[in-house]
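Right, one structure below, let's go through it.
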Amino acid sequence: MINAVAFYQGLFEQANSGFQSLTTANQPWVAETARYMLIRVSLNQAMENALDEYNMFNVDKADKEQGCRAVERIDAYLQA
């Protein structure tokens, strides 16, 4: 629950670390949910500074490294 709170408060590095640690959980649904949330963390980090005052997306301000990480995590999630 701490990881989810961090995620929704915008503390993405903390959420990332927490969800990463849960990917090896003994309960399969917890591990799968953690992998899914890692995708969302990367997507939010990619978009964090890419919205203007009208909430319009500006691709030039997006964190492309995080966007690529999100794609990698999506691929890994689908393979698992």
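- Closest approach of Ala25 to Val30, counting heavy atoms only: CB-CG1, 3.7 Å.
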Side-chain donor-acceptor pairs of residues 55-63 under 3.5 Å, sequence neighbours excluded:
unit_1	atom_1	unit_2	atom_2	d
Asn58	OD1	Asp60	N	3.0
Asp63	OD1	Glu65	N	3.1
Asp63	OD1	Gln66	N	3.1

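- Tyr36 OH to Phe19 CZ: the interatomic distance, rounded to the nearest 0.5 Å, is 10.5 Å.
- Rounding to the nearest 0.5 Å gives a distance of 8.0 Å between CD of Gln14 and CD1 of Ile2.
- Taking OG from Ser17 and CG from Asn3, the interatomic distance works out to 9.0 Å, rounded to the nearest 0.5 Å.
- Counting non-hydrogen atoms of other residues, nucleotides and ligands closer than 6.0 Å to CG of Leu78 gives a total above 12.
- Asn44 is linked by a side-chain hydrogen bond (donor to acceptor under 3.5 Å, both in side chains) to nothing, counting only residues two or more places apart in sequence or in another chain.
- Taken together through direct or relayed side-chain contacts under 4.5 Å among Ile, Leu, Val, Met, Phe, Trp and Tyr, Met47 and Tyr8 form parts of separate hydrophobic clusters.
- Taking Ile, Leu, Val, Met, Phe, Trp and Tyr as hydrophobic and joining them when side-chain heavy atoms fall under 4.5 Å apart, one finds Leu11 isolated, its cluster having no other members.
- Checked against side-chain contact (heavy atoms from CB on, under 4.5 Å), Ile39 has the following partners two or more places apart in sequence or in another chain: Leu43, Arg73, Ile74, Tyr77.
- For Glu13, the side-chain hydrogen bond (donor to acceptor under 3.5 Å, both in side chains) partners at least two apart in sequence or on another chain are Gln45.
- Legend: salt bridge (Lys or Arg N to Asp or Glu O under 4.0 Å) pairs involving residues 26-53, not counting sequence neighbours: none detected.
- Under the side-chain contact (heavy atoms from CB on, under 4.5 Å) criterion, Val71 pairs with Asp75, sequence neighbours left out.
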